[in-house]
Amino acid sequence: MARPFRFGVNLLDPAPAEEWRAKCRRAEELGYDVILVPDHLGMPAPFPALVAAAEATERVRLGTFVLNAGFWNPALLAREVATTDALTGGRLELGLGTGYVQAEHDTAGLPYGSPRERVDHLVRTVEELDRLLGSTEHRPQIVQKPRVPLLIGGNGDRMLRLTAEHADIAAFAGAHLVPGSTTGKLAPVTAGELDERVARYRRLAAGRAEPAELNLLVQLVAVTEDRGAAVQGLRERVPQLTEEQVLELPIVLVGTLEQITAQVLAQRERYGFSYLTVLEPYMEAFAPVIEALRGA
C-alpha cells in the first residue's frame with residue numbers, strides 16, 4: 001500500500017506578528033499538513049516562528065526544514081527542541097541538515113569546514129540529541145514520546161547512510177550544491193540521478209523495522225496550459241537542459257491540474273515520495289493539487 005500523502009509549505013519571508021499568524025492560518029485553511037521554517041540568515045528564526053505558528057493554528061504539524069547543524073551546539077539545540085515541542089503542544093517535527101551556504105557561516109563567524117567535517121558534526125548532533133532528549137533527566141522534557149520525529153535532508157552517500165539509520169523522514173532536495181559556490185547556488189538533479197540516490201537509500205535502509213517517510217522539496221509550481229513559458233526562467237539558469245528535460249525534473253510541477261496530479265502520483269509510484277514540500281511563493285498555486293490528491 002502506498003503511504004498517504006502529506007503536504008508541507010516552507011515559509012521563507014519574515015513578517016510582523018499578525019501577518020505571520022495570518023499566513024500560517026491561510027496555510028492551514030488551504031489544506032497543508034505541515035508548516036515549515038528554514039534556517040538561513042535573513043529568514044525567520046525557526047523556533048520562535050514555529051511557536052507563533054502553533055498559536056495561530058489548530059491542526060498542522062510544525063517543522064524545521066532544515067536546521068543548519070553548523071549553527072547549533074547539540075546541548076543548546078536539545079533545549080530549543082524540547083521547549084518548542086512543549087509550546088507547540090507536541091506538534092514539532094525536527095529537520096536537520098549539514099548546511100550548504102558558506103557565506104552564512106562567514107557572516108556568523110562560524111567555521112564552515114569540509115564536507116566531511118560538516119557531516120561529522122551532524123552525526124554528533126543526531127547522536128547527542130538522541131542521548132539528551134531520550135534521558136528522563138533532561139530538562140525540559142519533550143512532549144512526544146519516544147522522541148520528536150526526525151527528518152534528515154541530504155543526497156550524499158554518508159548523509160543517506162545517516163538518514164537510513166536515524167531518520168523518520170528521509171528528505172531529498174532534488175538539487176545539489178554547485179561546486180565552488182559559497183552562496184548556496186544549487187543545480188537540479190535529473191530524474192535518473194534521483195532514481196540512483198533513492199535506490200541507494202533504500203539499500204541502506206533495507207534492515208529498518210519501520211520504513212521512513214520520503215520527502216521531496218519542490219522548487220517550482222505552476223498550474224498552466226503553457227508549460228514552456230512557465231519554466232522559461234528556470235531554463236535560463238540551467239541552459240544545458242532542454243525545455244523537455246526541465247519539465248521532466250522531479251522538482252518541477254508545471255502543467256494543468258490534471259497533469260500535475262498525475263505527475264505527483266507517478267513520482268510516488270516511482271520514488272516513494274508521499275510527503276511533498278513547496279516553497280512559500282507557490283503556497284496558493286499548489287493548493288488545488290492538495291485538494292485533488294486528498295485521500296489518494
Side-chain angles (χ1 to χ4, degrees), residues 1-11 22-37 50 53-54 56-65 88-95 144 148-151 153 163 167-174 191 194-195 198 201-202 205 208-225 227 230 247-296:
M1 291 290 292
R3 188 187 287 264
F5 283 114
R6 286 204 305 159
F7 303 103
V9 57
N10 209 18
L11 299 183
K23 68 179 174 180
C24 291
R25 285 192 292 270
R26 180 59 177 161
E28 187 169 61
E29 290 169 0
L30 290 172
Y32 285 92
D33 302 289
V34 194
I35 289 173
L36 300 151
V37 179
L50 293 176
T57 58
E58 297 179 358
R59 172 187 57 80
V60 290
R61 303 282 293 171
L62 305 151
T64 57
F65 197 84
T88 60
R91 287 195 270 163
L92 180 64
E93 296 183 1
L94 178 64
Q144 299 178 83
V148 173
L150 176 63
L151 175 152
T163 303
D168 304 294
I169 305 163
F172 293 80
L194 192 55
D195 274 325
V198 172
Y201 166 78
R202 290 192 183 282
R208 289 179 61 113
E210 294 290 337
E213 187 176 32
L214 269 58
N215 169 276
L216 179 67
L217 174 59
V218 175
Q219 298 284 344
L220 176 61
V221 179
V223 180
T224 177
E225 294 187 1
R227 302 180 79 207
L247 289 168
E248 290 175 350
L249 292 172
I251 60 173
V252 171
L253 298 179
V254 169
T256 65
L257 178 60
E258 292 75 17
Q259 287 174 318
I260 293 175
T261 54
Q263 181 181 343
V264 171
L265 288 166
Q267 290 188 171
R268 183 174 64 175
E269 178 69 22
R270 178 173 179 175
Y271 303 105
F273 295 131
S274 60
Y275 176 11
L276 300 184
T277 300
V278 301
L279 302 173
E280 181 175 351
Y282 307 113
M283 182 172 81
E284 296 283 344
F286 191 66
V289 182
I290 296 176
E291 178 65 24
L293 290 171
R294 185 62 66 196

Leu276 pairs by side-chain contact (heavy atoms from CB on, under 4.5 Å) with which of Leu216, Val221, Leu214, Asn215?
Leu216
Does NZ or CZ of Arg268 fall inside the cone over Phe5's six-membered ring, less than 6.0 Å from its centre and within 45° of the axis?
yes
Roughly how far apart are Glu280 CD and Ile35 CD1, rounded to 0.5 Å?
10.5 Å
Rounded at 0.5 Å granularity, tell me how far CG in Leu249 sits from CG in Leu220.
9.5 Å
Taking everything shown except Glu291 itself, do over 12 heavy atoms lie less than 6.0 Å from its CD?
no
Minimal heavy-atom distance between Thr256 and Gln259, with the atoms involved, is N-OE1, 2.8 Å
Among Tyr275, Phe273, Tyr271, find the residue that satisfies the ring-ring contact (aromatic ring centres under 6.0 Å, His included) test when tested with Phe172.
Phe273
Can you tell if the side chain of Glu93 reaches within under 4.5 Å of the side chain of Leu150, non-hydrogen atoms only?
no
Tell me the closest heavy-atom pair linking Ala167 and Ala212, and the distance in Å.
O-CB, 3.8 Å
Which heavy atom in Val254 sits nearest to a heavy atom in Ala230, and how many Å separate them?
CG1-CB, 3.6 Å
If you take all heavy atoms of Gly31 and Ile290, which pair is closest and at what distance?
O-CG2, 3.8 Å
Would you say Val34 and Phe65 make side-chain contact, with heavy atoms under 4.5 Å?
no
Salt-bridged, Arg25 to Glu28, with N to O below 4.0 Å?
no
Heavy atoms only: give me the nearest Ala222-Ile260 pair and the separation to one decimal.
O-CD1, 3.5 Å
Do the non-hydrogen side-chain atoms of Val9 and Leu36 ever get within less than 4.5 Å of each other?
no
What's the separation between atom OG1 in Thr277 and atom CZ in Phe286, rounded to the nearest 0.5 Å?
9.0 Å
CG of Leu11 to NZ of Lys23: how many Å apart, nearest 0.5 Å?
5.5 Å
For Glu29, is there an ion pair with Arg59 - N to carboxylate O distance below 4.0 angstrom?
no
If you measure from OG1 on Thr64 to CG on Leu50, what distance do you get to the nearest 0.5 Å?
7.0 Å
Could you tell me if Gln267 and Gln263 have a donor-acceptor pair between their side chains, going purely by distance under 3.5 Å?
yes
What I want to check is whether the side chains of Arg91 and Thr57 have a donor and an acceptor closer together than 3.5 Å.
yes
Which of these, Leu253, Val289, Leu279, sits in a side-chain contact (heavy atoms from CB on, under 4.5 Å) with Val218?
Leu253
Can you tell me how far CZ of Arg6 sits from OG of Ser274, rounded to the nearest 0.5 angstrom?
8.0 Å
All heavy atoms of Arg61 vs all of Pro149, minimum pair found to be NH2-CG, 3.5 Å
